[in-house]
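Hydrogens, waters and symmetry mates are skipped; everything else that's a heavy atom, side chains included, is used. A, B, ... follow the sequence lines: proteins, then strands. Residue 1 opens every chain.
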Protein chains: 2
Amino acid sequence: MATTRVDEAADEAPVSRVQRKRDRRIQEILTTAAELFGERGYDAVSLEDVAERLDVTKGSLYYYFPSKDQLGISAVETLGNRWTARLEELLAGLDGPVHDRLRGLIGEHISIAVRDYPAGLRMFLVPQDWPEQQRAVIKELRQRHDRLFRELIDEGVAAGDFTVTGVDAALRCMHASMSQSAVWFAGLEGQRLERAIAELTDTLMMLVGVMPGAGTAPDQA
Amino acid sequence: MATTRVDEAADEAPVSRVQRKRDRRIQEILTTAAELFGERGYDAVSLEDVAERLDVTKGSLYYYFPSKDQLGISAVETLGNRWTARLEELLAGLDGPVHDRLRGLIGEHISIAVRDYPAGLRMFLVPQDWPEQQRAVIKELRQRHDRLFRELIDEGVAAGDFTVTGVDAALRCMHASMSQSAVWFAGLEGQRLERAIAELTDTLMMLVGVMPGAGTAPDQA
DNA sequence: ACAAACTTTGACTCTCAGGTCAAGTTATGA
DNA sequence: TCATAACTTGACCTGAGAGTCAAAGTTTGT
């Protein structure tokens, strides 16, 4: 503990204990804010609401963020990063035939979305509801998600597993449905939720030309 | 023109000349309001905005509607009725194999939605954005649209034309995609819009198990 | 123990949008 | 032409929420 000022030298990450504490606080705020924005929409949530859930007062938030919009942008960014990271991680951990990986990715995407990020989805639905600056962030997020799916689909198409025609439209439908799922499935739990997700997954798999019950290899033609 | 007071007797429709004028005014207001709500969302539109576009002042609106919410409900209702009526009419005018009719319905639905009712779609996306009372109206509207599609699909399934599994999920995806199309295709025009709609239609047809290029009867198995 | 840095508070201002209304304008019908 | 009903106006009230800030409270390093 005899650190006189060692960290002063390290020029990469934010370092000092006080800095870390500040960062943690900021994360707390962002998480809570994202939660609320997701529940009720950006406009409908006041900073007083956010403050209340954090058990502080509005003024505190302004100590960390210069405006509601800035808080909104950061919240969206953080949420998006966590979400995407989780998907990327999941995908990295998957192996086997493309069909199975895609199925896993779709299912998990919906599952994560509904369970953990109903918040995040709302922003995909009507980007215009968010202030100008957020839209850029949202757009980028969307593209990252898009890429994950597209790469997998391309792989499947190259391998001859999928018969998808019109990848763009298919991807759009997938995203639309997955986003909407947060609205549709809100309130469902346990078995019923499982089943709803499974059914939606099957349907979406159809969009890339792979029937749900067809097994791994289509050797019945 | 020698009407002394003939209409006083008719007890069904709203009658007097003054009444009809009033009704026309109300329709104007509702149309404009729905337009604006659709463009920017219910919350983001102030009555002053609505009044401005109508070239009157806010006070006038309160002469016809007791509150913003009531105006909102009526706007949603009117819009929904016109939209559904148009779809029903369209469907009634279609004939030929189920496949073609469904394709026509989907294409027109998207086309109408994007071109004439970008307004109306927004409310399907996140019903929670609307006040409690509107949601009932929205839900009913959704069910009416749902029924149109479902009946057609059921007919196709009965006839053995479609291989759809999980009608609910498929319908959900269709609605999600059609609603989102108003967001995706906003700004597109002419050829590009045509093509986008066509591609989306093809993709959605796939959801009910009918490949776009497969012709009317699947006699190639 | 204590000063400096960091954090939180709550009372304040400002603006904007919903809603009211008395007074004015315009249309209707006899 | 004129009384009456229909409509419109604009000034006003109100509450809510964004944003500010001096002062008070807490943590930190020495």
> Going by number, which of residues 51-66 of chain B have a non-hydrogen atom under 4.0 Å from DNA chain C?
Replying inline: B:K58, B:Y62
> How are the rings of A:H175 and A:H109 set to each other: parallel, tilted or perpendicular (split at 30° and 60°)?
Replying inline: perpendicular
> Is A:R17 near enough to D:dT27 that one of its side-chain N or O atoms lies under 4.0 angstrom from OP1 or OP2?
Replying inline: no
>> What is the distance, to the nearest angstrom, from the CZ atom on B:R24 to the C1' atom on D:dC7?
In response: 15 Å
> Atom CG of A:L47 and atom C1' of C:dT8: how far apart are they, to the nearest Å?
Replying inline: 16 Å
>> Checking B:E89 against B:R86 for the salt bridge (Lys or Arg N to Asp or Glu O under 4.0 Å) test, could you report, in this order, the C-alpha distance in whole Å, the side-chain angles of both residues, the deciding distance, and whether it holds?
In response: CA-CA 5 Å; B:E89 198 185 322; B:R86 197 156 151 192; over 6 Å; no
> Passes side-chain contact (heavy atoms from CB on, under 4.5 Å), B:L207 versus B:R172? Steps please.
Replying inline: CA-CA 10 Å; B:L207 277 177; B:R172 281 212 193 94; over 6 Å; no
> Considering heavy-atom distances to DNA chain C, does B:V18 or B:K68 have its closest nucleotide positioned more toward the 5' end?
Replying inline: B:K68
>> In whole Å, I'd like the distance from the CG atom of A:D49 to the C1' atom of D:dG19.
In response: 16 Å
> Would you say B:R101 and B:E155 make side-chain contact, with heavy atoms under 4.5 Å?
Replying inline: yes
> Separation of B:E48 atom CD from C:dG18 atom P, in whole Å?
Replying inline: 8 Å
>> Rounded to whole Å, please give me the gap between CD in B:E28 and P in D:dT8.
In response: 9 Å
> Between A:R25 and C:dT8, is there a side-chain N or O to OP1/OP2 distance below 4.0 Å?
Replying inline: yes
> Taking C-beta and beyond as the side chain, do B:R25 and B:Y63 meet within less than 4.5 Å on heavy atoms?
Replying inline: no
>> Mind checking if B:V50 touches a base, just sugar-phosphate, or nothing, with heavy atoms under 4.0 Å?
In response: nothing
> How close do A:W184 and A:S177 get, heavy atom to heavy atom, and via which atoms?
Replying inline: CZ3-O, 3.6 Å
>> Between B:V56 and B:I29, is there a side-chain heavy-atom distance shorter than 4.5 Å?
In response: no
>> Rounding to an integer number of Å, can you tell me how far A:D43 CG sits from C:dA17 P?
In response: 11 Å
>> Output the rounded distance in Å from CD (A:Q70) to P (D:dA18).
In response: 15 Å
> Looking at A:R22, does any N or O in its side chain come under 4.0 Å of the phosphate oxygens OP1/OP2 on C:dC6?
Replying inline: no
> Rounded to the Å, how far apart are B:R20 CZ and D:dA6 C1'?
Replying inline: 16 Å
>> On DNA chain C, compare the nucleotides closest to B:D69 and B:K21; which residue's is nearer the 5' end?
In response: B:D69
